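Treat the numbers as computed from the prediction; the structure is a model and nothing was measured. Chain letters run A, B, ... following the sequence lines, proteins first and then strands; every chain starts at 1.
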Number of protein chains: 2
Amino acid sequence: MARKQGSHADITGPRLREAALRLFARHGFAAVSMRQIAAEVGVQAGALYLYTPDKQALLFELMRGHLEDLLADWQPPGGPPLLQLESFVRHHIRYHLDRPDLVFIAYMELRNLEPANFAVIEGLRRDYETQLESILKRGLATGEFDMADTKLATMALIAMLTGVTTWYREGGRLDRDTVEALYWDMARKAVAAAR
Amino acid sequence: MARKQGSHADITGPRLREAALRLFARHGFAAVSMRQIAAEVGVQAGALYLYTPDKQALLFELMRGHLEDLLADWQPPGGPPLLQLESFVRHHIRYHLDRPDLVFIAYMELRNLEPANFAVIEGLRRDYETQLESILKRGLATGEFDMADTKLATMALIAMLTGVTTWYREGGRLDRDTVEALYWDMARKAVAAAR
DNA sequence: TGGTTATCTGAACGGGTGTTCAATTCAACT
DNA sequence: AGTTGAATTGAACACCCGTTCAGATAACCA
């Protein structure tokens, strides 16, 4: 029963990535089989290999795409470090709330990447962290911020912000704008210089 | 070749839990087989079932033990909320730095718990979060703290603190006491009332 | 209308999975 | 010295894994 209506290649490809993303996020990479993904797509397992060389590449491409989009989607605005930090924090929260599944697997499935793939992903993640640390360093220099160690502060802030995906649920008690504002408030205070 | 030297039951049991903990943390629950664990213990796979009813129970007991220990190990001291918060934060950092593998699987393997087990673990985790939130609420009442939402602040602080396990390495640039002090500094500022 | 080709099926491959259990081994006790 | 029984082996069970590929299908092109 192939080729039922028009070419399926441009439909099955995206559907494969969507199904893999959802299932990996829900059950974990190792716990999901190619046959489960195929069933979700509505196809036999063999057909998936027209669209991905193997299961590992499926995971890697999802993570790489996510991190590259994250990096490309934010450019530091001009202005004082405080304004740059606000832009970074608000963007981080918004971006993560929009893509909970991608964020989830990008943090959870690092262990399941082959060494070469892991190195690429880790590099992209470090690039992202460096963006934040640069802001903190600049703010430290101007005296707007105060912290004993910019690297630790970077990790602490990113962990705090990324944690939003573990509890935020659409339609819950707090709306997205409020969540964004409250995280920005805490982040700002955490690194602020005493006035 | 059984019973080589003395009774092995009180040796194999703990070794099983240690091996499972290490392997689960390193490769993930779903990616580790009972045969791999058995090899680490130095025994055939069948023998593991003298010490655990099944693989799921192995994971569940590790997580339950960790969270129960975490809850039992800290009692709020008397005194003002600021002092209680300091005690909580410092204890959290110390406890997590001492048990990186347990912390890791307790956060990463929730998806692999059967529903009944998940409910237990989630309850324990909520109990722990409630301890922190109580402190924040009290400090908000006394005016020592200032935050718009205690629940969000609780989640943000815990995420920030727990994140220490993702980057801290023994013998690294910062020692444990410094790390503890710097996290306490950020946590304190993040919820502090403007002076 | 007939041939071409992208798309997919369905079976197969070698191997791994969690779990069970009869049989075996051997320290300890009588 | 003989018996007991805790501890373990090793084989077996039924099933699932990622991946490959010859063959079937059907939309498109000449």
(request) Figure out the CZ/C1' separation between B:Arg15 and D:dA7, and round it to whole Å. (result) 15 Å

(message) Checking A:Asp127 against A:Thr130: is there a side-chain donor and acceptor pair closer than 3.5 Å?
(response) no

(message) Rounding to an integer number of Å, can you tell me how far A:Lys55 NZ sits from D:dT20 C1'?
(response) 17 Å

(message) By nearest atom, which of the nucleotides C:dT20, D:dT8, C:dT9 is closest to the B:Tyr49 side chain?
(response) C:dT20

(message) For the residue pair A:Thr154 / A:Glu129, report whether a side-chain donor-acceptor contact shorter than 3.5 Å exists.
(response) no

(message) Measure CG/B:Leu23 against P/C:dG18 and give the value in whole Å, please.
(response) 12 Å

(request) Could you tell me the separation between the CD atom of B:Glu114 and the C1' atom of C:dG18, rounded to a whole number of Å? (result) 13 Å

(request) Please report, rounded to the nearest Å, how far the P atom of C:dA11 is from the CD atom of A:Gln44. (result) 9 Å

(message) Please classify the nucleic acid contact of A:Val41 as base, sugar-phosphate, or nothing, using heavy-atom distances under 4.0 Å.
(response) nothing

(request) Examine B:Arg99 relative to B:Tyr95 and say whether NZ or CZ is less than 6.0 Å from the centre of the six-membered ring and inside a 45° cone about the ring axis. (result) yes

(message) Between the base of C:dG16 and the side chain of B:Arg35, is one N or O donor paired with an acceptor at under 3.5 angstrom?
(response) no

(message) Please determine whether a side-chain nitrogen or oxygen atom of B:Ser33 lies at a distance below 4.0 Å from atom OP1 or OP2 of C:dT17.
(response) yes

(request) Would you mind reading off the distance between B:Gln56 atom CD and C:dT19 atom P, rounded to a whole angstrom? (result) 9 Å

(message) D:dT8, OP1 or OP2 - any side-chain N/O from B:Thr12 closer than 4.0 Å?
(response) yes

(message) If you assign each of A:Asp54 and B:Leu48 to its closest nucleotide in DNA chain D, which residue comes earlier from the 5' end?
(response) B:Leu48

(message) Can you tell whether the side chains of A:Glu180 and A:Arg176 come within less than 4.0 Å, N to carboxylate O?
(response) no

(request) Please figure out whether A:Gly46 or A:Gln36 has its closest DNA chain D nucleotide nearer the 5' end. (result) A:Gln36

(request) Salt-bridge test for B:Arg15 and B:Glu18: reply yes if a basic N is under 4.0 Å from a carboxylate O, no otherwise. (result) no

(request) Report yes if a side-chain nitrogen or oxygen of A:Tyr51 is closer than 4.0 Å to either non-bridging phosphate oxygen (OP1 or OP2) of C:dA6; otherwise report no. (result) no

(request) Give the rounded distance in Å between these two atoms: CG of B:Leu50 and P of C:dT19. (result) 14 Å

